[in-house]
Number of protein chains: 2
Amino acid sequence: MAKVEFNIVCTLCEHLKDSLFNGLNPEDLSRINNHKTCIQYKKGQNIFYEGTRPTGLYCMNGGKVKVYKNNVQGKEFIIYIAKPGDFLGYRALLSEEFYQATATVLEDAKICFIPKESFFEVLQKNPLFMKRVVQAVCHEMGIMEEKLAELAHKSVRERLAANLLMLKETYGMEGDGSTLIDLALSREDLASIVGTATETVIRLLSEFKSEGLIAFEGKKIRVLEPKKLAKQADLIIA
Amino acid sequence: MAKVEFNIVCTLCEHLKDSLFNGLNPEDLSRINNHKTCIQYKKGQNIFYEGTRPTGLYCMNGGKVKVYKNNVQGKEFIIYIAKPGDFLGYRALLSEEFYQATATVLEDAKICFIPKESFFEVLQKNPLFMKRVVQAVCHEMGIMEEKLAELAHKSVRERLAANLLMLKETYGMEGDGSTLIDLALSREDLASIVGTATETVIRLLSEFKSEGLIAFEGKKIRVLEPKKLAKQADLIIA
DNA sequence: CGAAAAAAATGACTTTTATCAGTTTTGAGG
DNA sequence: CCTCAAAACTGATAAAAGTCATTTTTTTCG
């Protein structure tokens with residue numbers, strides 16, 4: 001598949017406000033802008049592969065990308081799902097290690113690539129930017145600690161409920177008193193997020209549906225009763 | 001319990017070489033040194049609590065400390081075990097959030113406390129130090145991603161084997177062709193590391209023992225057959 | 001539009017692991 | 001050295017979740 005480039009100026013990027021680049025001085029932003037390459041990806045294309053060396057930073061301008069690890073049997077575990085404004089692959093870049101995960105496009109995406117050198121230059125010149133990146137990384141790490149504990153001690157039902165609420169927070173679109181999770185996830189992907197088998201997710205989703213907690217809307221899920229879902233997630237009873 | 005202080009000079013600290021402070025210029029190291037408070041803790045004492053705000057950085061000079069989260073039912077999940085030279089509580093400090101975990105002494109410990117201001121001052125003045133901290137945080141995050149995937153898709157037996165090998169790498173003491181894990185962990189703590197029930201750990205450990213993979217030495221575990229243990233962990237067969 | 005492939009769903013069955021209840025062993029402190 | 005409590009261990013049982021096989025539905029694309 002040929003790479004389809006597109007063009008955009010960082011200062012005019014509609015997602016700048018959601019990005020770590022927000023607040024960067026014009027000079028540094030233009031340095032980023034002048035060195036970046038912007039590419040359009042189709043669903044299913046890979047951005048980077050586990051085991052390869054990062055050569056720069058990806059910055060999401062559109063679409064959704066899953067970042068996941070494959071285990072020996074080929075089972076996926078999705079670490080996170082990147083949306084416009086998010087950085088992609090910065091962990092391995094900053095620790096100067098190989099990628100430990102693979103990134104694949106879930107919904108057609110526009111992604112800008114900033115070469116390692118330009119990113120590091122701006123990072124080193126700009127302590128405030130560095131501080132914000134560090135804060136973001138450490139915040140991210142806190143989320144992972146949370147996930148670890150959740151994975152260790154919660155049931156699949158609880159984890160599914162918790163993850164639906166999390167997806168609702170991040171990708172939710174409000175509408176007629178409920179929230180649509182604006183993310184076309186397959187049951188298999190949802191299972192890879194929760195850390196369980198596809199069949200189990202299917203069964204639990206239909207339970208949640210018959211209990212009136214959620215509804216299906218095409219490939220998407222609508223959260224009808226977030227509070228009841230939270231009860232399922234929090235093990236208040238069990 | 002009264003706090004027992006002790007005194008040590010950073011430049012003479014035997015664990016400096018294992019620490020992120022290693023390579024710091026004398027001026028900055030003396031700034032750290034002049035502002036630190038060093039305290040001795042007994043087994044069972046807490047260093048900090050989940051939900052409180054960090055006021056500085058802890059730097060381990062002796063002993064072992066577990067950092068863990070409690071779930072609703074009071075079940076622990078141990079995120080990591082800190083040893084001399086390690087920083088403690090830097091994640092929440094850097095992201096300027098509350099502690100998300102609690103730290104409790106496993107083996108009598110000597111820990112130096114560096115006030116937030118001094119740490120940040122050195123961090124901001126010293127880009128190279130900042131870079132090393134960022135690298136360390138990002139490396140740590142990679143380990144967590146690994147753990148997440150492991151927790152999601154490996155069986156308890158596999159996880160126990162993997163964690164024994166990990167503990168061997170970090171706390172191992174070589175001796176007569178095998179390695180002693182120099183860490184007095186209760187079965188309960190080991191279960192909290194693996195993310196399972198105490199009884200399950202006990203059963204699996206005695207299986208590993210009867211298969212000749214490990215041996216018990218007082219409260220400690222000796223790894224006899226790391227390769228066979230790795231086979232158990234890696235799901236090469238299953 | 002229609003055929004083929006992919007995804008979702010359902011059912012039966014098995015395995016893993018948690019839980020509970022009880023016993024034995026160990027270790028700390030008087 | 002003895003007592004008591006905590007930790008380690010054992011066994012039985014139940015629940016949760018994975019796996020496999022099969023069907024139904026949806027999607028893709030020639």
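So that the names make sense, note that chain A is the first sequence line, chain B the second, and so on, each numbered from 1. Predicted model only: the values in this text are computed from it and were never measured.
For the pair B:Arg187 and B:Phe216, the cation-pi test (distance below 6.0 Å, angle within 45°) is passed.
Every residue was checked against the salt bridge (Lys or Arg N to Asp or Glu O under 4.0 Å) condition with B:Arg159, not counting sequence neighbours, and none meets it. Taking the ring pair (Phe, Tyr, Trp, His ring centres under 6.0 Å) definition, one finds that A:Phe77 meets it with nothing, sequence neighbours left out.
The two residues A:Lys64 and A:Pro84 have their closest heavy-atom pair at CE-CD, 4.5 Å. The two atoms that bring A:Glu50 and A:Thr102 nearest to each other are N-OG1, 3.1 Å, heavy atoms only.
Computed from C1' positions of five pairs at each end, the angle between the two local axes of the helix from C:dC1-D:dG30 to C:dG30-D:dC1 equals 50°, rounded to 10 degrees.
The A:Ser206 side chain lies nearest to C:dT10 when the options are D:dA17, C:dT10, D:dC9.
Here the P atom of nucleotide D:dA17 and the CG atom of B:Leu151 are 14 Å apart, to the nearest Å. At whole-Å resolution of the value, CG in A:Leu204 and P in C:dA8 are 15 Å apart. The separation between B:Lys43 atom NZ and C:dA28 atom C1' is 11 Å, rounded to whole Å. Atom CD in B:Glu199 sits roughly 14 Å away from atom P in C:dG22 (whole-Å rounding). At whole-Å resolution of the value, CD in B:Glu158 and P in C:dT16 are 10 Å apart. Rounded to an integer number of Å, the gap from CZ of A:Arg203 to C1' of D:dG18 is 9 Å. When the C1' atom of D:dT10 is taken as reference, atom CG of B:Leu205 falls 15 Å away, rounded to whole Å. Remark: C1' of C:dA18 and NZ of A:Lys154 are 18 Å apart, rounded to the nearest angstrom.
Contact check for B:Leu160 versus B:Leu190: side-chain heavy atoms found under the 4.5 Å cut-off.
Partner of B:Phe113 under the ring pair (Phe, Tyr, Trp, His ring centres under 6.0 Å) criterion, chosen from B:Phe87, B:Tyr41, B:Tyr58: B:Tyr58.
Among the protein residues, A:Thr196 comes within range of the sugar-phosphate backbone only, with heavy atoms under 4.0 Å from sugar or phosphate atoms but none that close to a base.
Note on B:Lys75: a side-chain N or O is less than 4.0 Å away from OP1 or OP2 of C:dT19. Distances shown here put a side-chain N or O of A:Thr200 below 4.0 Å from the OP1 or OP2 atom of D:dG18. OP1 or OP2 of D:dA7 has not a single side-chain nitrogen or oxygen of B:Ser186 nearer than 4.0 Å.
For the pair A:Lys219 and B:Ser155, both in contact range of DNA chain C, the more 5′-proximal nearest nucleotide belongs to A:Lys219.
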